[in-house]
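Computed from a predicted model, the values in this text were never measured in an experiment. FYI, side chains are in, hydrogens and waters are out, and symmetry mates aren't considered; it's all heavy atoms of this structure. Per chain, numbering begins at 1; letters A, B, ... match sequence-line order.
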2 protein chains.
Amino acid sequence: MPKLGMEPIRKAALVKATIVEIGRAGSLDVTVSQIAKRAGMSSALAHHYFGSKEEMFLAAMRHVLTLYGAEVRGALATAEGPEGRLHAVLRASFSPGNFRREAVGAWLNFWVLAQTVPEAKRLLAVYQRRLRSNLLAGLRPLAGNRAGAMADGLGALIDGVYLREVLKSGPPDSAAAVAVVLDYLNTELKGKGA
Amino acid sequence: MPKLGMEPIRKAALVKATIVEIGRAGSLDVTVSQIAKRAGMSSALAHHYFGSKEEMFLAAMRHVLTLYGAEVRGALATAEGPEGRLHAVLRASFSPGNFRREAVGAWLNFWVLAQTVPEAKRLLAVYQRRLRSNLLAGLRPLAGNRAGAMADGLGALIDGVYLREVLKSGPPDSAAAVAVVLDYLNTELKGKGA
DNA sequence: AAGTTTATTGACTCGTCAATCAACAAAAAA
DNA sequence: TTTTTTGTTGATTGACGAGTCAATAAACTT
C-alpha cells in the first residue's frame, strides 16, 4: 500500500482533523487517537509526522490563520477605495466560515493557548499586525493622523464583537456584527476634525 | 480535629485554589489533586464537597463574576453623573485585579467553557446583561435613543480591548485600555446629532 | 539483488487522573 | 451513652492517553 509522497497529504488530513475535533470538543481536550481516527490513520502515524500533540495544535493554528488571511486577501482584491477596503476586512472577519463550530473552537482555544505557548502567541501577534496594517491602509486616507488609534480600536472591536457573537445563544448574526463595527467607523470618521 | 461548620471554609478555599491553579496552568487542564493540595486538603475531600470537577469550575466562575460585579458596584458607588458612571465601569473593567494571572486565565477559559457547558454560558450572559444595563444607565442621559446601540458597541469593545491587552507581550497597560474605550465613547457622543 | 528510504500499525510502556469507598475521628443529638 | 451527623483521608478502581518501538511492506536506489 505504501505510496510515496504521503507526508503532505497525511499532514493536511491531520491538520483538518485537529481543527474539527477541537470544534467538536470545544476545547483542546482532544486525544491524538481521536484526531488520527478522524484523519483515517493510526495514532502512531500522527506522532510519526508531527512528533507531539502540541505540534499538531500549532500546525492547526497556522492553518486557521492562513485561511483567514486568504479570506481577507480575497475580499481586498475586489475592493475599491479606502472605504471599500475597510468593508472588505470586516466582511472577511465576520464571514460565515468564521462562525462555523470548528473556527470558533479554534479561535477561542488559540487565545487560551497563546497564554502559555510562545509560538501560539507569536502567531496571534502576526495575525494582529496584518489586520492592523490592512485597516491602516484603508484608514490613512480617511482619518490621517488619527488612523493609528482608530486601527487599534477597530481591531479590538472586531475581536470583541466576534467574541460576543459566538458566545451568545442562538445563531450568530454576521450582518449585525458588521453593522456594529461600521457604526463605530462612521462615527469616528465623521468626528475626525474634532 | 474535625471542627464543625467547615463546609463553607473548605469550599471557599477550593474555589480560590481552583482559580489560582487555572491561572498557573493557563488552561482548565488542572487536576483535582492539584487544586485540593493548594487548598490544603485531600482530593477526596474536594470531591466530597463539590461532587465533580465541573462543579468546582462553575463555582470558581461564579466567584470571579461576583468579584467583578462587586468591583463595578464599588466604583459606581462613588461615581457622579452619567459620565462618571461610565468611567467607573471602565475603571472596574480594566482594574489591575483583572490583569492578574488568575483573572486572565479564568476569563479566557470561561469563554472556552461557555461553548459547551450551558451553565457557564448562562453565567456569562448574566454578566453581559449587567454590564449592558450599567452602561445603559450612563448612556441614556447622554445619547438618548442611540444608547442601546452604543452599549452593545461599548460592551464588545471592552471585551476586545481586554483580550488584546492580556494577549500582547509585555505588561498590560490599563490606562491605555481605558483610553481606547473613552475615545470611542467621546467620539460617539460628539457625533450624536448626526 | 541487495540495501535504503518511506509508510504504516499493533502492541506496549509508563504515567495520570476522576471518582469511589471503607474506615476513622470528633462533635451533636437522642 | 448510644446514635447520628459531619469532617477527613489513604487506598483503590477503572479508565484513558501520550509517546515509543519493533515489525511489516512497498517503493526507490545502486
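- For B/E54 and C/dC17, the CD to C1' distance is 16 Å, given to the nearest whole Å.
- Across all strands, A/F50 comes closer than 4.0 Å to no nucleic acid atom at all (heavy-atom distances).
- Salt-bridge annotation for B/E102 and B/R24: absent, with no side-chain N of the basic residue lying under 4.0 Å from a carboxylate O of the acidic one.
- Nucleotides of DNA chain D nearest to A/S33 and B/E7 differ in position, and the one nearer the 5' end is that of B/E7.
- Checked against C/dA7, C/dA19, D/dG17, the side chain of B/H47 finds its nearest nucleotide in C/dA19.
- Checked against D/dG7, D/dA27, C/dT20, the side chain of A/L4 finds its nearest nucleotide in D/dA27.
- A 4.5 Å side-chain heavy-atom check between B/H87 and B/L182 finds at least one atom pair inside the cut-off.
- Closest approach to the A/Q34 side chain among D/dG17, C/dA18, D/dA18 is made by D/dG17 (side chain taken as heavy atoms from C-beta onward).
- Applying the 4.0 Å criterion to OP1 and OP2 of C/dT6, one finds that A/R10 has every side-chain N and O outside that range.
- Ring geometry for A/F94 versus A/F99: interplanar angle under 30°, hence parallel rather than tilted (30 to 60°).
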Extract all donor-acceptor atom pairs below 3.5 Å that involve side chains of residues 55-67 of chain B and protein atoms in other chains or at least two apart in sequence.
from	atom 1	to	atom 2	distance (Å)
B/R62	NH2	B/E119	OE2	3.4
B/T66	OG1	B/R62	O	2.7

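- For the OP1/OP2 pair of D/dT6 and a distance below 4.0 Å, the side-chain nitrogens and oxygens of B/Y49 include no atom meeting the criterion.
- Look at A/R164 and A/D159 and you find no salt bridge, because none of the NZ, NE, NH1 or NH2 atoms lies under 4.0 Å from a carboxylate O.
- Using modelled atom types, no side-chain atom of B/E165 and backbone atom of B/P172 make a donor-acceptor pair closer than 3.5 Å.
- For the pair B/M56 CE and C/dA18 C1', the computed distance is 9 Å after rounding to whole Å.
- Atom NE2 in A/H48 sits about 7 Å away from atom C1' in C/dT6, given to the nearest Å.
- Side-chain contact, B/T187 with A/Y184: no donor N or O sits under 3.5 Å from an acceptor N or O.
- Residues of residues 37-45 of chain A that place a heavy atom closer than 4.0 Å to DNA chain C, in numerical order, are A/M41, A/S42, A/A44, A/L45.
- Between A/K53 atom NZ and C/dG15 atom C1' the separation is 14 Å, expressed in whole Å.
- Remark: P of D/dC16 and CG of A/D29 are 14 Å apart, rounded to the nearest angstrom.
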